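Everything numeric in this text was worked out from a predicted model, so none of it was measured. Per chain, numbering begins at 1; letters A, B, ... match sequence-line order.
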Protein chains: 2
Amino acid sequence: MTPHHQADPAAPSLEQARRQIARYGLTADPQAVLVAARLMGAGARIGQAGEVHFGRFGLSTGRYRLLADLEDHGGEKSPSQLAASLGVSRATVTGLVDGLEREGLVARRPSTEDGRGNVVILTARGADRLRELAPEHFARMQSMVEGLSVEERTVFLDLLARIVAGIEALTED
Amino acid sequence: MTPHHQADPAAPSLEQARRQIARYGLTADPQAVLVAARLMGAGARIGQAGEVHFGRFGLSTGRYRLLADLEDHGGEKSPSQLAASLGVSRATVTGLVDGLEREGLVARRPSTEDGRGNVVILTARGADRLRELAPEHFARMQSMVEGLSVEERTVFLDLLARIVAGIEALTED
DNA sequence: TATGAATGCTTAGGTGCCTAACTATTTGGA
DNA sequence: TCCAAATAGTTAGGCACCTAAGCATTCATA
């Protein structure tokens, strides 16, 4: 490793934050900005790693979440409900269901109660897929946070929740 | 708020984690799995919020990062260098530069040293854009983490770095 | 010196996510 | 009762990201 090796793009330095703030004569706290920047970088990293992880099982993060949510609800749910519980738009659910249906992991049935509505059901093949990936999935999830003790994980959960609550500062107004 | 209001999709519960693990007779630690799941959810949330945030200034997260990186290096850098420091593929840089060039925020010039290479330069318009968005950008970044004290932020940075180091557990092998 | 390997960038095609607009159906109020 | 508003789902178009494959140019070496 040379003294000038490439810095981790997900981990901007405090110096960098200080420099950026100074350039425009602002008064923001460099440490606070650094935390925000690191979190954004970590978020991107985690997202990409998640796609690789679920890709092993022929799924994506979105498709896995839809499948798991379906299983958690007796294997049957409307697209609108799925959109609400996954926190994505209905259009995204349409796309996810299209892909999962193509692979036979879910199926669409017209709703018996509402002529406008559909119901997405988990097929046997879909349930199988979830069962097959579970051991490796949970093992890897667990090893990801193995660098922290139980106490540290508790602290982390608390701090993370409080920052997540602050995310709306980015979007509000 | 009703007693059965929709749970935050980014915040799965410990109960949910326990249930999923139990369903397949596994022995994973529910708390560890919860931390991993919450982090993945937070990552997605932050990513979306970032797009909204930068969208205010006619940019995206990727385009902002490219612009800021360019400014940090004297306003001139090759696509390959940009890809390395942003942590994305060269193909992605091509797309980002295409968009930024269309809006006149950067320009492409052939490299004088390497006939194969380009140099991306920050235009005056691009530097203006960065200067205009800086006050609001840093203010919002700061408010995002305002729920934490300085000491808590330090702890958070440490814990986050150690979990980020564990991300490769999701991808390795 | 000539040629194959490495490098720089773009293109093509895929996925996920979004918003906005469109169709079909249901619901509710004048 | 009837018609407008709300709701369910899809489609269309956009952006960011990826990998793989394609050119062009430069480098290294036989």
Quick check on the hydrophobic clustering: are B:Ile121 and B:Leu59 connected, directly or via other members, by side-chain heavy-atom contacts under 4.5 Å? no

Going hydrophobic residue to hydrophobic residue with side-chain gaps under 4.5 angstrom, can you get from B:Tyr64 over to B:Val52? no

Output yes when a side-chain donor or acceptor of B:Arg90 lies under 3.5 Å from a complementary backbone atom of B:Pro79, and no otherwise.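 Pair absent, no side-chain N/O of B:Arg90 close to backbone of B:Pro79.
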
Mark yes or no for whether B:Arg125, through its side chain, and B:Val106, through its backbone, hold a donor-acceptor pair below 3.5 Å. no

Give the rounded distance in Å between these two atoms: [atom1] of [X] and [atom2] of [N].
X	N	atom1	atom2	answer
A:Leu86	C:dC18	CG	C1'	15 Å
B:Glu51	C:dT19	CD	P	12 Å
B:Arg102	D:dG14	CZ	C1'	10 Å
A:Leu82	D:dG9	CG	C1'	13 Å
B:Glu113	D:dT26	CD	C1'	13 Å
B:Asn118	D:dT25	CG	C1'	13 Å
A:Arg90	C:dT25	CZ	C1'	14 Å
B:His53	C:dC18	NE2	C1'	18 Å

Using a cutoff of under 3.5 Å, can you pull out all pairs of nitrogen or oxygen atoms linking the protein to nucleotides 27-29 of chain C, with atom names and distances?
none

Would you indicate what [X] reaches in the nucleic acid, counting non-hydrogen atoms under 4.0 angstrom: base, sugar-phosphate, or nothing?
X	answer
A:Thr94	base
B:Ser78	sugar-phosphate
B:Ala91	base
B:Gly117	sugar-phosphate
B:Gly115	sugar-phosphate
A:Thr92	base

With respect to the phosphate group of C:dC9, does any side-chain polar atom (N or O) of B:Ser80 fall under 4.0 Å of OP1 or OP2?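 Checking C:dC9 against B:Ser80, a side-chain N or O does come within under 4.0 Å of OP1 or OP2.
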
Short side-chain N/O contact from A:Arg65 to OP1 or OP2 of C:dC17, under 4.0 Å: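 A:Arg65 to C:dC17 OP1/OP2: no side-chain N or O under 4.0 Å.
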
Ring centroid separation B:His137 to B:Phe54 under 6.0 Å: yes

Of the candidate nucleotides D:dC17, C:dG16, D:dA16, which contains the atom at the shortest distance from the side chain of A:Leu96?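 Selected nucleotide: C:dG16.
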
Looking only at the side chain of A:Ser89 (C-beta and beyond, no hydrogens), which of the listed nucleotides D:dT11, C:dT19, D:dC17 gets closest?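 So the nucleotide nearest the side chain must be C:dT19.
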
Quiz question: by atom type and distance under 3.5 Å, do the side chains of B:Thr171 and A:Gln48 form a donor-acceptor pair?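 Looking only at side-chain atoms, A:Gln48 and B:Thr171 do not form any donor-acceptor pair under 3.5 Å.
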
For B:Glu113, is the CD atom crowded, meaning more than 12 foreign heavy atoms sit under 6.0 Å from it?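 No, because the 6.0 Å sphere around CD of B:Glu113 holds 12 heavy atoms or fewer from other groups.
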
Charged N-O contact under 4.0 Å between B:Arg109 and B:Glu76: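 No, this pair does not count.
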
